[in-house]
Amino acid sequence: MIWPCKRFDFSWSDWLFAIRRCLKPPRGQDMAARVESLWSVEGDAMACLTVRSAFDLFLRAKRWRPGDEIIFTALTVPDMPRIAREHGLRVVPLDIDPRTAAWDVDALERCIGPRTRAVVLTHLFGARLDVEPAMAVARRHGIAVVEDCAQAYRGPGRNGHPAADLALFSFGPMKIATSLGGAVARVRQPEVRLGMAAFLQQYPMQSTGEFTRRVLLYGLLKAASSPTVYGALVFLAELVGLHRERWIHGLTRNVPGHDLLGHIRRRPCAALLSLLERRLREGDAPVARRTAPGELLFRALGGEVQVPTRGSVAHAYWIIPVLAANRDELKVSLRRHGFDPMSERLSVVRGEGMEAPGAGRLSESVYLPFDPGMPAAELERLGALVTRLAAVDRPREATVSSSVS
């Protein structure tokens with residue numbers, strides 16, 4: 001028996017609903033409009049296949065010139081800077097504090113140049129950061145702000161900073177309140193939103209058959225994520241020579257690594273949107289279920305354990321990272337005690353001759369197993385084990401000026 005690093009945030013009732021919608025998709029309804037109206041009464045929301053789709057649409061609508069620059073929070077999913085490069089844009093990394101996951105506002109000032117067009121501010125691990133200091137810098141320089149909230153969903157109505165030009169929220173398979181795909185973007189400028197919509201309407205629709213296969217796959221993965229079954233599966237996987245983490249990351253990847261633009265330049269099917277509407281109608285419940293167990297685990301982790309985002313007052317507890325000098329030894333020890341931590345889900349953004357040591361350090365985090373359904377005794381046992389086993393490595397980087405709120 002072993003607790004997996006993450007379990008999928010959907011119920012069997014949600015899964016059966018998705019199967020029914022795949023077998024009999026909604027007819028005669030604009031499901032995208034229904035999702036968008038649930039997300040925002042201002043009419044500024046857009047439902048897309050993935051967050052990557054929405055970001056690509058935004059860049060297509062903006063029509064910046066090749067060689068223009070976009071600044072990225074220096075730790076993110078690798079596809080986001082890849083999309084910018086596909087548009088001929090130059091990527092500039094914005095370093096972050098490994099102890100707080102907050103971006104460095106002073107560094108942001110230094111990153112902005114005459115060809116800077118936007119900054120992408122990414123909220124990591126389920127914690128929401130105070131974007132106002134960075135927003136003030138962006139407004140002063142006249143650059144766009146993209147707020148990437150894919151890891152920090154907190155329920156409908158909490159849809160990003162009102163001054164952000166684009167705010168992105170993901171409902172992919174690993175996310176809170178997952179609909180096994182789909183995303184919602186809030187686009188501040190009407191002319192940009194109309195441009196994005198014009199491109200979106202030209203895209204082919206994701207097939208219902210493809211979404212059905214995804215629903216069936218994640219039903220199997222959910223069944224396999226019970227501690228008893230999961231323990232047997234990882235034992236067998238390693239017995240036949242599979243690398244545990246690469247195998248699991250590959251199984252749960254939302255977007256295939258090949259033909260990225262071809263995959264994301266599609267519209268979500270009605271069955272997916274119907275499931276997304278169902279999840280949005282739950283309101284704050286998916287986040288509320290995580291709060292008490294997440295707080296319990298944070299308390300169980302001793303004060304000497306470095307937990308990036310521990311000080312955040314707005315936390316969805318999507319992933320619980322810890323910094324440890326003995327990362328590999330910690331993972332091996334935890335697995336011996338029935339907990340399966342992971343790492344390396346995110347990557348460091350690389351720029352020409354630009355380093356991001358804080359992001360590099362944070363990329364080495366160990367992600368602790370966490371699920372709101374874990375018994376309190378197991379959460380306390382996990383916290384005690386990490387406190388005892390983690391040899392704390394205190395980074396020497398200076399604390400950044402951005403605060404966490």
Side-chain angles (χ1 to χ4, degrees), residues 21 25-64 83 117-121 123 128 131-132 135 138-139 142-150 152-172 175-179 181-206 264-287 314:
R21 286 295 183 265
R27 303 286 184 184
Q29 303 177 67
D30 188 344
M31 292 304 305
R34 289 176 58 157
V35 167
E36 291 160 2
S37 64
L38 276 175
W39 190 254
S40 172
V41 297
E42 305 297 328
D44 56 2
M46 179 174 293
C48 297
L49 183 63
T50 74
V51 157
R52 299 162 181 82
S53 306
F55 183 56
D56 176 63
L57 285 167
F58 181 75
L59 296 183
R60 296 191 79 179
K62 281 293 190 179
R63 300 180 186 274
W64 288 317
I83 290 167
R117 298 292 174 258
V119 57
V120 180
L121 301 173
H123 300 276
R128 295 297 296 272
V131 301
E132 191 54 50
M135 292 288 302
R139 284 194 293 264
I143 65 173
V145 174
V146 177
E147 192 178 4
D148 186 347
C149 307
Y153 173 71
R154 291 190 56 77
R158 296 179 177 88
N159 51 14
H161 193 287
D165 295 87
L166 180 70
L168 301 168
F169 293 83
S170 173
F171 299 88
K175 297 300 191 297
I176 298 173
T178 178
S179 55
V184 183
R186 185 181 54 74
V187 190
R188 184 171 62 87
Q189 297 172 307
E191 64 274 17
V192 175
R193 189 165 61 253
L194 288 172
M196 292 171 65
F199 283 116
L200 183 61
Q201 290 307 308
Q202 299 170 16
Y203 290 174
M205 185 170 290
Q206 171 197 35
I264 66 176
R265 289 180 176 175
R266 297 182 298 158
R267 290 176 289 154
C269 67
L272 186 160
L273 290 169
S274 185
L275 179 58
L276 177 52
E277 179 192 22
R278 173 185 170 94
R279 300 313 308 269
L280 291 181
R281 290 194 183 280
E282 293 183 53
D284 297 345
V287 177

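FYI, side chains are in, hydrogens and waters are out, and symmetry mates aren't considered; it's all heavy atoms of this structure. Counting from 1, the numbers follow the sequence of the chain as shown.
- Each of Val184, Ile264, Leu168, Leu57 was compared with Cys48 under the side chain to side chain contact (heavy atoms under 4.5 Å, CB included) criterion, and only Leu57 meets it.
- A 4.5 Å side-chain heavy-atom check between Arg21 and Pro26 finds at least one atom pair inside the cut-off.
- Listed here is the closest heavy atom pair of Arg279 and Pro286: NH2-CG, 4.2 Å.
- Inter-residue side-chain proximity for Arg117 and Lys62 is flagged as unmet; no heavy-atom pair is nearer than 4.5 Å.
- Under the 4.0 Å criterion applied to side-chain N and carboxylate O atoms, Glu147 and Arg188 are not assigned as salt-bridge partners.
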Under the side chain to side chain contact (heavy atoms under 4.5 Å, CB included) rule, what do Arg265 and Arg60 come out as? Steps first, then yes or no, please. CA-CA 11 Å; Arg265 289 180 176 175; Arg60 296 191 79 179; 3.7 Å; yes

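- Between the CD atom in Glu36 and the CG atom in Leu273 there is a gap of 8.5 Å [rounded to 0.5 Å].
- For Ser40 and Arg186, the side-chain atoms include no donor-acceptor pair closer than 3.5 Å.
- Between Leu275 and Phe171, the closest side-chain pair of non-hydrogen atoms is not below 4.5 Å.
- The shortest side-chain heavy-atom distance between Glu277 and Ser179 does not fall under the 4.5 Å cut-off.
- Relative orientation of the Tyr153 and Trp39 rings is parallel, given thresholds of 30° and 60° on the angle between their planes.
- Closest approach of Ala150 and Val51 over heavy atoms only: CB-CG2, 4.2 Å.
- Asp44 has no carboxylate O lying under 4.0 Å from a charged side-chain N of Arg193, or vice versa, which leaves the two without a salt bridge.
- Here the shortest heavy-atom pairing between Arg158 and Arg154 reads NH1-O, 3.1 Å.
- Summarising the geometry of Ala163 relative to Arg139, their closest heavy-atom pair is CB-NH1, 3.9 Å, with the distance given to 0.1 Å.
- Between Pro156 and Leu38, every side-chain heavy-atom pair lies at or beyond the 4.5 Å cut-off.
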Go through it in stages, so that I can follow the logic: the residues are Arg278 and Arg281, the test is side chain to side chain contact (heavy atoms under 4.5 Å, CB included), and I'd like the CA-CA distance, side-chain angles, deciding distance and then a yes or no. CA-CA 5 Å; Arg278 173 185 170 94; Arg281 290 194 183 280; 5.9 Å; no

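- For Ser37 (side chain) and Ala33 (main-chain N/O), a donor-acceptor pair under 3.5 Å exists by modelled atom type.
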Please test Met31 against Leu276 for side chain to side chain contact (heavy atoms under 4.5 Å, CB included), starting from the C-alpha separation and ending with a verdict. CA-CA 9 Å; Met31 292 304 305; Leu276 177 52; over 6 Å; no

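- Contact record, Val192 with Ala61: O-CB, 3.8 Å, taken as the closest heavy-atom pair.
- Of all non-hydrogen atoms in Leu166 and Ala185, the two that sit nearest each other are CD1-CB, 4.0 Å.
- Taking 4.5 Å as the limit, every side-chain heavy atom of Phe55 sits out of range of all side-chain heavy atoms of Thr50.
- Atom-to-atom distance recorded for His123:NE2 and Arg128:CZ is 4.5 Å, nearest 0.5 angstrom.
- Between the CZ atom in Phe169 and the CG atom in Asp148 there is a gap of 9.5 Å [rounded to 0.5 Å].
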